[in-house]
Student: 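Here's a structure for you.
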There are 2 protein chains.
Amino acid sequence: MTGEQGVRAAARVAQIEAIKTTARELLKEKGAAGLSLREVAREMGLVSSALYRYFATRDELLTALIFDAYNDLGSAVERVATSDEGASTTLRWRNSCQSVRTWALAHPNEFALLYGTPIPGYNAPTGTIAAATRVAAVFGSILNDDRAQKAEMAEGRGVDVRPFLSVPNLAIVMPAVDPAEYLRGIMAWTHIFGHLLFELFGHLVGSVTDPDLAYSAVVDELAEWLQLSE
Amino acid sequence: MTGEQGVRAAARVAQIEAIKTTARELLKEKGAAGLSLREVAREMGLVSSALYRYFATRDELLTALIFDAYNDLGSAVERVATSDEGASTTLRWRNSCQSVRTWALAHPNEFALLYGTPIPGYNAPTGTIAAATRVAAVFGSILNDDRAQKAEMAEGRGVDVRPFLSVPNLAIVMPAVDPAEYLRGIMAWTHIFGHLLFELFGHLVGSVTDPDLAYSAVVDELAEWLQLSE
DNA sequence: ACAGAAACGAGAGCACTGCTCTTGCAATTA
DNA sequence: TAATTGCAAGAGCAGTGCTCTCGTTTCTGT
């Protein structure tokens with residue numbers, strides 16, 4: 001039987017990990033477009049065909065990197081969001097937003113891989129979808145905690161979002177939030193990522209002189225707009 | 001001398017236009033990553049090396065497409081923004097935002113080329129920068145017109161943006177706007193594009209059921225947030 | 001313990017890519 | 001008319017993703 005799962009099985013997962021690691025290095029240097037299977041193999045002292053024992057195609061390797069990146073970013077944000085569990089929701093919002101940007105600046109090519117132009121003909125496998133949700137869930141839970149702490153529901157300005165938002169899905173993450181506020185929650189989320197995409201892709205160059213301060217100001221503005229508790 | 005600029009010169013610009021046109025078709029089908037010089041040549045009944053008489057490199061062809069796309073989008077938005085010159089700023093905002101989305105949905109791959117992951121090692125030539133500014137200028141001018149119509153300046157909530165925004169640049173587009181409001185202007189702009197990127201790249205799938213209605217709701221919410229005149 | 005099966009890496013090869021260089025022909029210029 | 005320039009074709013180079021075959025090593029069932 002397979003008590004230790006065999007030498008070979010262990011070597012296999014190690015090899016997969018090694019491939020992903022060197023692929024990540026190449027990705028960090030040259031971006032997703034410049035990532036070449038042959039170069040990964042060369043870097044590892046292997047011949048290119050050997051990699052196909054572990055990843056059936058280049059896209060499959062990229063998918064694995066996407067999956068890991070989503071989880072890496074997700075756990076980073078979850079960590080800061082839960083570390084100051086007792087703090088005000090404004091502070092938790094600020095810290096979470098900063099951690100997303102910190103990660104994005106530290107891994108720009110991976111961030112672009114996650115949120116930039118999708119590779120053509122790529123369909124996210126279901127596992128990836130779950131991983132991708134983690135960050136959004138953190139943002140949702142912050143808003144949820146804020147509203148849960150408040151006696152009366154903050155009455156979301158009367159927008160009926162049922163015609164265009166997936167209320168059941170959103171209710172799972174934000175049960176204490178008035179559905180009328182779901183729109184603002186989504187907007188805050190898309191704003192953060194849109195801003196980071198614009199910053200990383202160079203579209204803010206002409207108008208923003210200090211990206212750090214600008215981002216903090218944006219985050220604060222959004223916190224106020226969401227009426228989070230100080 | 002060159003009264004008609006010669007038959008050859010005319011043929012040259014026609015050929016350049018033909019190359020860009022067939023490249024745009026390929027781009028529409030396969031995206032920027034899948035655009036191949038050889039396929040463009042094949043499609044035109046040419047041999048690949050012939051294209052290098054007109055574009056020194058693949059990136060140069062892509063740059064030309066980027067330039068044209070910026071101008072195409074820019075003039076589309078300018079058209080609707082100036083067509084209802086007398087209307088309320090809220091209406092002009094709505095129409096302008098809708099025209100951006102309409103263009104993006106009609107040219108998703110070109111939109112991704114403009115605002116998605118940049119091609120690695122790509123540096124926008126100065127001509128492109130000017131073209132890229134056109135859309136942002138429209139948004140700025142709407143906010144500017146709104147504030148210009150109002151007697152008292154709307155007093156931008158006291159945020160000093162001078163440490164992180166390029167006030168001189170922004171003052172050119174929005175001379176009637178209190179600098180303290182520049183931040184909100186930029187945020188509205190990044191929000192629109194961030195939302196469209198998320199929509200096009202599939203990140204809204206789980207939470208948005210009707211993208212058209214959702215976008216309209218977002219646009220309305222932003223108009224209210226900007227306190228545009230009805 | 002041993003035979004059969006499965007996994008592995010190497011190597012050759014295919015079709016494709018961007019790009020370069022040379023060669024003959026056509027259009028332009030002096 | 002003679003020389004120059006612009007053009008398309010073709011061959012070729014280095015690189016890519018991917019497939020297939022072939023010995024070798026490891027695992028598996030009996």
Side-chain angles (χ1 to χ4, degrees), chain A residues 1-20 22-23 25-27 29-66 113 118-123, chain B residues 1-20 22-23 25-27 29-66 113 118-123:
Chain A
M1 251 302 173
T2 53
E4 305 176 349
Q5 279 294 12
V7 175
R8 202 160 214 172
R12 181 173 179 84
V13 313
Q15 187 75 305
I16 288 183
E17 215 54 43
I19 294 172
K20 289 198 291 186
T22 75
E25 288 170 16
L26 272 299
L27 178 68
E29 295 170 15
K30 317 201 171 188
L35 180 75
S36 135
L37 268 187
R38 290 184 113 108
E39 197 170 358
V40 172
R42 218 176 296 133
E43 198 81 16
M44 301 179 64
L46 284 183
V47 88
S48 73
S49 61
L51 295 190
Y52 286 84
R53 301 258 166 215
Y54 305 94
F55 296 96
T57 173
R58 196 194 92 119
D59 282 10
E60 198 171 286
L61 172 56
L62 271 180
T63 301
L65 295 182
I66 290 176
L113 186 60
I119 45 189
Y122 169 81
N123 276 320
Chain B
M1 250 305 173
T2 52
E4 303 176 352
Q5 279 293 13
V7 174
R8 202 159 215 173
R12 182 175 179 83
V13 312
Q15 187 75 304
I16 288 182
E17 216 54 42
I19 294 172
K20 288 198 291 186
T22 75
E25 288 169 17
L26 272 299
L27 177 67
E29 295 170 16
K30 317 201 172 188
L35 179 75
S36 135
L37 269 186
R38 290 184 114 109
E39 197 171 358
V40 173
R42 219 176 295 133
E43 198 81 16
M44 301 179 63
L46 284 183
V47 87
S48 74
S49 60
L51 294 190
Y52 286 85
R53 302 253 164 215
Y54 305 93
F55 296 96
T57 173
R58 196 193 94 119
D59 283 9
E60 198 171 287
L61 173 57
L62 271 180
T63 301
L65 295 182
I66 290 176
L113 186 61
I119 43 191
Y122 169 81
N123 276 319

Student: Just how far, in rounded Å, is C1' of C/dT22 from OH of B/Y52?
Tutor: 17 Å
Student: Under 4.0 Å, heavy atom to any atom of DNA chain C: which of residues 32-42 of chain B qualify?
Tutor: B/L35, B/S36, B/L37, B/R38, B/R42
Student: So A/Y54, base contact, sugar-phosphate only, or nothing? Heavy-atom distance under 4.0 Å.
Tutor: sugar-phosphate
Student: With sequence neighbours excluded, what pairs up with A/V13 under the side-chain contact (heavy atoms from CB on, under 4.5 Å) test?
Tutor: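 Per chain and number, A/V13 pairs via side-chain contact (heavy atoms from CB on, under 4.5 Å) with no residue.
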Student: Quick one: on DNA chain D, does B/V47 or A/S48 contact a more 5' nucleotide (nearest heavy atom)?
Tutor: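 Its nearest nucleotide lies further toward 5', so the answer is B/V47.
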Student: Distance check needed: D/dG6 C1' versus B/L51 CG, whole Å only.
Tutor: 15 Å
Student: Are any of A/R12's side-chain N or O atoms less than 4.0 Å away from OP1 or OP2 of C/dC8?
Tutor: yes
Student: Considering residues at least two apart in sequence or located in another chain, which fulfil the side-chain contact (heavy atoms from CB on, under 4.5 Å) criterion with A/E25?
Tutor: A/T21
Student: Can you list every pair that meets side chain to side chain donor-acceptor pair (under 3.5 Å) and has a residue in residues 53-64 of chain B, with sequence neighbours left out?
Tutor: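 Qualifying pairs: none.
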Student: Run the side-chain contact (heavy atoms from CB on, under 4.5 Å) test against A/A11 and tell me which residues pass, sequence neighbours left out.
Tutor: none
Student: At their closest point, which heavy atom of A/L65 faces which heavy atom of A/K20, and how far apart are they?
Tutor: CD2-O, 3.8 Å
Student: Roughly, in whole Å, what's the span from CG in B/L46 to P in D/dC7?
Tutor: 12 Å
Student: If you check the A/S49 side chain, which of D/dC7, D/dT19, C/dC19 turns out closest?
Tutor: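 Out of D/dC7, D/dT19, C/dC19, the nucleotide with an atom closest to A/S49's side chain is D/dT19.
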Student: Do any of residues 57-65 of chain B sit with a heavy atom less than 4.0 Å from DNA chain C, and if so which?
Tutor: B/T57, B/R58
Student: To the nearest 0.5 angstrom, please state how far the CD1 atom of B/I19 sits from the CE atom of B/M44.
Tutor: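 Reported value, rounded in 0.5 Å steps: 5.0 Å.
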Student: Take the protein atom CE of B/M44 and the nucleotide atom P of D/dA9, then report the distance between them rounded to whole Å.
Tutor: 10 Å
Student: How close or far is atom P of C/dG9 from atom CD1 of A/I19, stated in whole angstroms?
Tutor: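 To the nearest whole Å, that distance equals 8 Å.
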Student: To 10°, what angle do the rotation axes through the five end pairs on each side of the helix from C/dA1-D/dT30 to C/dA30-D/dT1 form?
Tutor: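 So the angle between the two local helix axes works out to 10°.
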Student: Are the side chains of A/Q15 and A/L46 in contact, using a 4.5 Å heavy-atom criterion?
Tutor: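 In contact.
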Student: Over how many whole Å does the gap from A/K30 atom NZ to D/dT16 atom C1' extend?
Tutor: 13 Å
Student: A/L26 has an atom CG; how far is it from atom P of D/dG17, in whole Å?
Tutor: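 Those two atoms, CG and P, are 10 Å apart.
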Student: List the atom pairs, donor and acceptor, that lie under 3.5 Å between side-chain atoms in residues 33-41 of chain B and the rest of the protein, sequence neighbours left out.
Tutor:
| unit_1 | atom_1 | unit_2 | atom_2 | d |
| --- | --- | --- | --- | --- |
| B/S36 | OG | B/R38 | N | 3.2 |
| B/S36 | OG | B/E39 | N | 2.9 |
| B/E39 | OE2 | B/K30 | NZ | 3.0 |

Student: For the pair made of CD in A/Q15 and P in D/dT26, what is the distance, rounded to whole Å?
Tutor: 14 Å
Student: Looking at every heavy atom in both B/L113 and B/A32, which two are closest together, and how far apart are they?
Tutor: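 Looks like CD1-CB, 3.7 Å.
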Student: Pick out the pairs of N or O atoms, protein on one side and nucleotides 23-25 of chain C on the other, that lie under 3.5 Å.
Tutor:
none

